[in-house]
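Numbered from 1 within each chain, the chains take letters A, B, ... in sequence-line order.
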Amino acid sequence: MSCAEELPASEPVYAVRNLTYTYLGRFAALSGVSFDVRRGERVALLGANGSGKSTLLKILAGLIHPTSGHVAAFGKALTETALMEEQFNRDFRSRVGIVFQNPDTQVFSATVREEIAFGCLQLGLPPEEAQQRLDDVLRLLEITDLVERAPFQLSGGQKKKVALASVLVMNPEVILFDEPTAALDPRTQHWLIDLIGALGEAGKTIVVATHDLHTLADLTDRALVFAEDHTLLADAPTPAILADPAALLRANLIHDHRPY
Amino acid sequence: MTRGAAPPRSRADTPAWLVQPQAPLRPGSRVGRRRASFLERTLGDGAEVFRRAMYAEIDGSRGALQRLDPRAKLVALVALLVAVALVHSPLTLVVGYAAIVAVAWAGGVPMRSFVRRVWLVVPAFTAVAVAPATLSVVTPGQIVVPLWTWHGAPQGLTRQGLLAAALIVLRVACSVSLVLLVTLTTPWNRLLGALGALGVPRIFVTIIAMAYRYLFVLLGNITDLLMARKARTVRPPDHGAGDRRFVGAAVGTLLGKSHHLAEEVHQAMVARGYAGRHYALERSRFVAADVLVVLAALAAAVVILGVDRVLR
Ligand SMILES: Nc1ncnc2c1ncn2[C@@H]1O[C@H](COP(=O)(O)OP(=O)(O)O)[C@@H](O)[C@H]1O
Ligand SMILES: [Mg+2]
């Protein structure tokens, strides 16, 4: 199942070329964006609200498709047609996990147990193995006692953990996070950052959309900065980006009175 | 929107009123207790009750009914629904309803909510359609409750009209009870899985699954919206035009928001490999008890129709 065998080390996980996305033919969300993501890289997507980060993550997750431009994943074109092919769909979905910003999006089954097992069962894991993974991931995220609860009986932080569990349980190669720490209390934020760090160290490829400049250096090696006109403003190692207030200011990510 | 054009807002732009402190709380000022408006109560309670009811916890290991294979339950359900639809005597249906309640009781279904849910739903479905049919104007026949006279002839509720109405109400009650009996004893996910296994096309299963999730999004949003409104309401509710305006505006936002969230819910499912199939964590096995249930349901359907023929 690991793509290490199939991909030469140099082959990028994602190759994005001249990507443009427009909602309803009118509202631009991304314009002329190009970059690569390599295996095991930890990439931050930086940008003010509305600069197109969530849209990009959904494109990388194969949920929506470019208005123009080209996206390849694991060396294969990531198009609607390609994903209709059952085998590719299964391979791709099992390798790429996305954690949405709003956990309500992801926590919907009647119980936490069903929600977390959902992905494993969809990918055809035998119920026994799904159950085993479920137990492991519950322990990892310290939510074993929530397993029989309904989603509406969970707090925001707990929902976030369940959403995370429902993705981790599938053991994806690539994990896309949309503002993972937003609306979490500081303790849970730190816990989550540690977890993402650990996943990175375990060799996962991580793409994370964030505003949180404080944790950026710990979390990522490289940052893509998006401008408010939806273009890619900068693509550089994270320390270099953090050392360049001018770029951050141009992206409206920092305030001139109060550098982060 | 242009690169680097808009300078970040500085403190100087903050309007004066925003930085002004509010007057201190007046001691002793008696503001009557704020009563929730009718709208708040009905919508809010309704949404919450519905949400809880739909998430009714199903303990899969508890009763005999819960342990049955969902496919067996669905087949039995269809057989009995057909029988109920073909019955012509209210008496048969009364006996049938009693039997359903007895089965539910034996199967460990919480009685109070089972009966209450049925009789909350039935009037909503039938009242409007059924009530006029009881009148002699609509259904001529032997008048049992005279209400008024028209051209010298007494008019009112007729025996035939009442029987016809009873038949419809009982039919709906039996059908709803049967459906509830299945849904209250089967986890939703397994029910969808069983629909697929019985050959219901995937697109229908997906639509049902998404409609169900969408409903939750909507209910959750209703609750949130009302809370947000409550938090911003300073004056007591006016129980009138304000409420109506609010509903008008709210419905718009609600549908927009819910649609957006529902789309993301679907995307989150697709991202985890969803392609219209539902799988359960527990492997379901068709055991002797399941076969028995299907046979019993078929037999019951035949008996019901037979008895009904005699009673008519
Ligand atoms: N469903 C949608 N319909 C129309 N426009 C949208 C939709 N979602 C996002 N947009 C627009 O696309 C742009 C990028 O949005 P998004 O990707 O959510 O940005 P970010 O995640 O960086 O805040 C924004 O200008 C937003 O208004
Ligand atoms: Mg976003």
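Residues B/Q267 and A/I64 meet the side-chain proximity criterion, which asks for heavy atoms closer than 4.5 Å. Side-chain contact check for B/V270 versus A/R93: some heavy-atom pair is nearer than 4.5 Å.
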**Asked** Can you list the steps and then say if B/R272 with A/Q106 is a side chain to side chain contact (heavy atoms under 4.5 Å, CB included)?
**Response** CA-CA 10 Å; B/R272 286 184 284 160; A/Q106 242 162 326; 4.1 Å; yes

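Remark: A/F118 CZ to B/M269 CE distance equals 4.0 Å, nearest 0.5 Å.
Looking at A/V96, only its backbone comes within 4.5 Å of chain B, counting heavy atoms on both sides.
Crowding of B/F204 atom CZ: a count of heavy atoms from other residues, nucleotides or ligands under 6.0 Å not exceeding 12. Within a 6.0 Å radius of CH2 in B/W119, other residues, nucleotides and ligands contribute more than 12 heavy atoms.
The choice from A/S166, A/P172, A/G50 that makes the most heavy-atom pairs within less than 4.5 Å of chain B is A/S166.
Scanning both residues, B/A271 and A/I98, for their nearest heavy atoms gives CB-CG2, 3.6 Å.
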